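Structure first, then comments.
Since we're looking at a predicted model, the values are computed, not measured.
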Amino acid sequence: MKRLLIIDGHAFVFRAYFAFGASNLTNSKTGKPSGATFGFFKMLFKLLQDYAPTHVAMTFDPGGPLERGKIFENYKATRKPMPEDLRPQIKEVMDILGNIGFRVLKLEGHEADDIIGTLCENYKATAKEILIFSGDKDLYQLLEKKNIKMLRGKKGVTEFVEIDAPWVKEELGVDVKQITDYMGIVGDTSDNIPGVKGIGDKGASKLLQEYKTLDGIYKNLEKIKNPSMKTKLTEQKENAYLSKELATIKRDLKLDITEKDIETPDFKSDQAILYFKSQGYNTLSRDLAKSAGKEVPKDAEPTESAEGAEEKTIPAAEKGVYRLITSVDELAKICRGLLKSRIIAVDTETTSPNPAMADLLGISFSNQEKTGFYVSVRNSASLFQDKTLTMEEIKEHLGPILSSEIPKVGQNIKYDLIVLENHGFVLNNIQFDTMLASYVLQPEGRRHNMDALAKDLLNYDTITYDDLVGTGKKKKELVDIDPDQVAEYAAEDADITFRLYQVLRKSIKDSGVEPILRQMEMPLIPVLAEMEKTGISLDVPYFEELARDFDREIRHLEGEIHKQAGGPFNIASTKELQRILFDELKLRTVKKTQTGFSTDHEVLEELLGEHPIIDKLLDYRKYTKLKSTYVDALPKMVNPKTGRVHTSYNQTIAATGRLSSTDPNLQNIPIRDKEGRLLRKGFVAGSDDYEILSLDYSQIELRIMAHVSKDPAMLEAYNRGLDIHKRTAAALYGVPETEVSAEMRDKAKVVNFSVIYGVTPYGLSRNLRIPREEAKSFIERYMTQYPGVKSYMDEMVAFGEKNGYVQTLTGRRRPVVDINSTHKSAKEAAKRIAINSPIQGTSADMIKIAMIAIHEDIQRNKWKSKMLLQVHDELVFEVHKKEKEEFKAAMKKYMETAMPLDVPILVQGKFGINWDEAH
DNA sequence: GCTAATCCGTA
DNA sequence: GTACGGATTAGCT
C-alpha cells in the first residue's frame, strides 16, 4: 500500500457545510440545500488531486448509541443538534460515495475516530504513508509514526494544513504520546469531555512537560506549587482519568475489510461524471471532466445551473514583476519615468489600520499593469537600513509626483490620503477609488477589499497581509520584515489596484452610476479625510468622573438584583438571567429568541410591576451599556498626538448610501434619555475660542417622501408650514386639528416614521402597542389621507420588480433581488427595501452634496471653523467665536439648498459649549 | 482566537 | 417594518 487517505466523514461534511453555509446553494433538480454536498466533493476531489492516494477510507459515525456513552452518560450531551438542512445532505453524500465506488466505513457503537485508529494500527507497518483528514485534536495521538500525518481544512474547501508530531509539539507543547493525558486535563467542550475545570491548555502543557503523564502528575501532587491548581487536580481526579479514557482512541476494532475494498476507485470515470450531472451537480460534473481531460459526455439531459448562479470564468491573471527601490538615484530615475504616466496607482504601508494613528513605513506605486515599485521609509528601529530611504529623500523625489496633477487611483485611498497628509505629503488629483467603484456598482456587496476584488474581477490570488506578517504567535510587525518581502506584497497591491482600475473604469462607464461615483463619492473623499483628521475634543476628566458615578450606581444595582434573585449570578449573561427570571422567579415568558426566552428591553418593560427586580434590571442594563460602550471606551480612543478622537467614516458599508462610523462610532452617541445625554456633554470645543454648532435637517425623510410621492396633502402641509404630525393625527383619529391631543400627535408621529420603513400592521401594532386590527385601520386611514404615498409605494415595488433595483433621486441604485421571490417573507422584506431605500438614500445623497459644498467653502473662504461630524441628518461643527452667526447662516444655506425639492427643506440648530447644549 | 447570538445605542 | 457598530457571553470551526 502506497498512500492511504483516511477521512473523518463528519468533520469533512461540517467543513463543507460551513464553508458554503452562507451561499445558500441549492440543487437545480431538487431545489434542496446542497452546499454541504457540493463542498464535500469539491474538497474530496481536491484532496485526491493533491495527494493522489492509492487507497481511501471514508469513515462515519454511526447513528446509534456509542460505547463511550456507557462509560460516561453525558458524553457528547452538550453537542448542538445538527442543522436541519445538513442531515439529509450527509445521507446524500454517503449515497453518492457509494455510487461512485467509495467504500463507506461505519460501525455500530463506535465512532469514526476508533475506526481511524484501527486503520492506522493495521496499516502503519505496510503503508508508506497514511494521511488522516479530521479536525479532531484527539487524533493527534495517532501521529506517533513518521509516516502518519493529519490534514485539516484551512480556508474554504481547497486549502489544507498538514499536521505531524513536531507540529503538535510546537502548537500544544506536548508530545503526541501525551495527547490522551493532555485531553484528560483540558477536556473538550464540544464532546462534553469534562477534563479538569479551571486548568486550560497552558496549565496542562506545563504540567505534562514536568511530569510526563497523568499518573506522573498525581504521583507528584505534593510538588505542585500552585495551591489552586493542586486543589483542582485533587478534587477532579476522577474526571481527569475518565476524560483520559474517553479521549483514548481504540485501535483494535474488528473491521471487516480488505485492502482491496479501499482502493481508490476511478472517480473520474464517464459514469461518475454523468452521475453527478444526473444528480443536478453540473459544476462538479464539469470539474471532474476537466481534471480527467475530457468533455462531459453528451448523455444526460442538459440541466440548469446546478449550484445557483454560475460564474463567468475569468482566466487567472499573471503575477507582476516588482521592485524594491534602494537608492536615491534609482528613485529619482523611476520618478522621472512616472512623469509620463496617464495615471498612477498609489498605496501606503503603515503601522496601523487606523489612519489617524498610523506611521508611514513605505509607499508603493504602479503606472502599468504587472509592474510595481516599493520604497521603504528609514526607521531607526529597522534592521534593514540599507534597503530603505529617508523620509526626506522620498519626499524630495516622490513628493512632487504625488502633489502633481497626474491622476491617482487607489483602493480605499482616503486612508492613504490621511496617512500621507499626516506625514507632510500632498496627494492631488485623486481620480478613482476601486473600493468606491465596486461599492456604487454593488452597494450590498459585503466585500470591497482588495483581496476579494482581485479574486472576483481578475481571478488573482493576492498575497494577503497575514501571508506577509504571519498569524498567531509568529505574527511579526511590518517594520521587522525584510523590505524585499514587503515590496512583493506592497507593490503587488499597487499593481492590482492599477489593474482593478482598468476593469472597474469600464464597468462604471456602462453602469448608469458613474455620476454617483464621480460627482458624489469621489469628491467626498477629501471631505471625510479632513473631518477624520480634525477629530473632536473630549473632556476626559469629565468622562472619568462619569465612570466613577456610573460604577457606583452599577454596583448598587448589582447588589439589589442579586438580593432579589436570592443569590449572585452573572446579570450580563442572558442565559443566566433567563434562568433567574423564568425558572427561579417564575415570571411570565413573553417572547422567544432562537435559543430560549428573550430578556430584552421590550420584555422587561412588559414585566415591569410584576417583580421589583425588573426595574433594577432595566437600570442596570442602561448603566452598564453606557459605561462599557461609551464612558470607558471613548477616553481610550483619544489620540495622544492630537488629544482628540478621530472616528473613521466608511463609505462602502451601508447599502442605502449612508456613511457609517467606527473606531469609535460617533453616530450612535446617546441622546434619548437624561443619563445618555450626560455623555454628549463630554464632547466639547477644542479651545475657549470655539463653540460647538449642530445643524440638523428637520423631518428630512418625510419631506423627501412628500417630494417623491407628490402627495397633494403632504405637499400642501409642508408648503404651508403646517405641523405634519398634527395633520396626520387629525386624519387618523377623524377629528379636527384643534382637537388633536399631545398623545394623538405622538402616535401619528410614529405612524409617519413607520410609513417610511414600509409599514406593516404587525410592525405598527408593536410600535404603538395597539392591536393588529387597530394598526391596520390606522394604515388604511393614512393611505386615504395621503393617497400619493400609497401610489409611491406601489410604484417603487413595480419598478423594483421590473428592473431588479430601485434608485434615489440622484440615481444611486440598490438591487432588490428578492422582490420577485416566491418566498413570501423574502418578497415582503424586499418590498420594504424598495420603499425605504430611495428615501433613506436620497437623504444620504443630500447631506453628502451639502458636505462637499461646505468643505469647499471652508477652504475657499479660509474659515477658522471646521466641520467635525456627520450623523446622517446632522452636521456638527467647531465654530470660532468671531465667526458664529455668519458661519451658521452660510452652512445652513448649503444644507437647505443642496438638493432643492418641491417642499421647503428646513435646517435647525444652535451653539453650545458641548454637543448636548448645541443639540 | 474566532463567530454567532443577544442586546442596545443612533438616524 | 429601514440603515448601522459594538460590548458581552457562550460555544467551537
Do any side-chain nitrogens or oxygens of [X] fall under 4.0 Å of OP1 or OP2 in [N]?
X        : N      : answer
A:Ser660 : C:dA3  : no
A:Thr662 : C:dG5  : no
A:Arg814 : C:dA3  : yes
A:Arg621 : B:dC8  : yes
A:Lys575 : C:dG11 : yes

For [range], which residues have at least one heavy atom under 4.0 Å from DNA chain C?
range                       : answer
residues 591-605 of chain A : none
residues 833-841 of chain A : A:Ile833, A:Asn836, A:Gln840
residues 752-759 of chain A : A:Ser754, A:Tyr757, A:Gly758, A:Val759

Main-chain N/O of [Y] paired to [X] side chain as donor or acceptor, under 3.5 Å:
X        : Y        : answer
A:Lys414 : A:Tyr649 : yes
A:Gln870 : A:His872 : yes
A:Glu553 : A:Tyr623 : no
A:Ser698 : A:Val907 : no
A:Asn914 : A:Gly682 : no
A:Glu532 : A:Ser648 : no
A:Glu576 : A:Phe569 : no
A:Arg680 : A:Ile669 : yes
A:Tyr792 : A:Ile835 : yes
A:Asp818 : A:Ser821 : no

What is the distance, rounded to the nearest whole Å, between atom [atom1] of [X] and atom [atom2] of [N]?
X        : N      : atom1 : atom2 : result
A:His872 : C:dC4  : NE2   : P     : 10 Å
A:Trp915 : B:dG9  : CH2   : P     : 16 Å
A:Ile700 : B:dT10 : CD1   : P     : 21 Å
A:Leu666 : C:dC4  : CG    : C1'   : 14 Å
A:Asn570 : C:dG11 : CG    : P     : 12 Å
A:Lys622 : B:dT10 : NZ    : P     : 11 Å
A:Arg446 : C:dG5  : CZ    : C1'   : 12 Å
A:Phe133 : C:dT13 : CZ    : C1'   : 11 Å

Touch class at under 4.0 angstrom, heavy-atom based, for [X] against every strand present:
X        : answer
A:Thr760 : base
A:Ser661 : sugar-phosphate
A:Ile653 : sugar-phosphate
A:Ala829 : nothing
A:Arg832 : sugar-phosphate

Original post:
Parallel, tilted or perpendicular: which fits the ring planes of A:Phe753 and A:His725, with parallel below 30° and perpendicular above 60°?
Top reply: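 Answer is tilted, since the angle falls between 30° and 60°.
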Subject >> 5′-ward residue of the pair A:Pro664/A:Glu444 relative to DNA chain C >> reply: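 The residue closer to the strand's 5' end, by nearest nucleotide, is A:Glu444.
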Original post:
Looking at C:dG5, does its base get a donor-acceptor pair with the side chain of A:Asp663 below 3.5 Å?
Top reply: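 No pair found.
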Subject >> Electrostatic pair A:Arg658-A:Glu701, nearest N-O below 4.0 angstrom >> reply: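 Salt bridge: yes.
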Subject >> Residue A:Asp873, side-chain heavy atoms: nucleotide from B:dA11, B:dG9, C:dG1 that is nearest >> reply: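 Minimum distance to the A:Asp873 side chain belongs to B:dA11.
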Subject >> Non-neighbouring partners of A:Arg446 that pass salt bridge (charged side-chain N to carboxylate O under 4.0 Å, His left out), sequence neighbours left out >> reply: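 A:Arg446 satisfies salt bridge (charged side-chain N to carboxylate O under 4.0 Å, His left out) with no other residue.
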**OP:** Of all the heavy-atom pairs spanning A:Tyr697 and A:Ala850, show the shortest one and how long it is.
**Re:**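 A:Tyr697 and A:Ala850 have their closest heavy atoms at OH-CB, 3.8 Å.
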Subject >> All pairs passing ring pair (Phe, Tyr, Trp, His ring centres under 6.0 Å) where residues 823-848 of chain A contributes a residue, at least two apart >> reply: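 Pairs touching residues 823-848 of chain A that pass the test: none.
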**OP:** Go through residues 667-679 of chain A and report each residue with a non-hydrogen atom lying under 4.0 Å from DNA chain B, sorted by number.
**Re:**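 Contacting residues: A:Gln667, A:Asn668, A:Ile669, A:Pro670, A:Ile671, A:Arg672.
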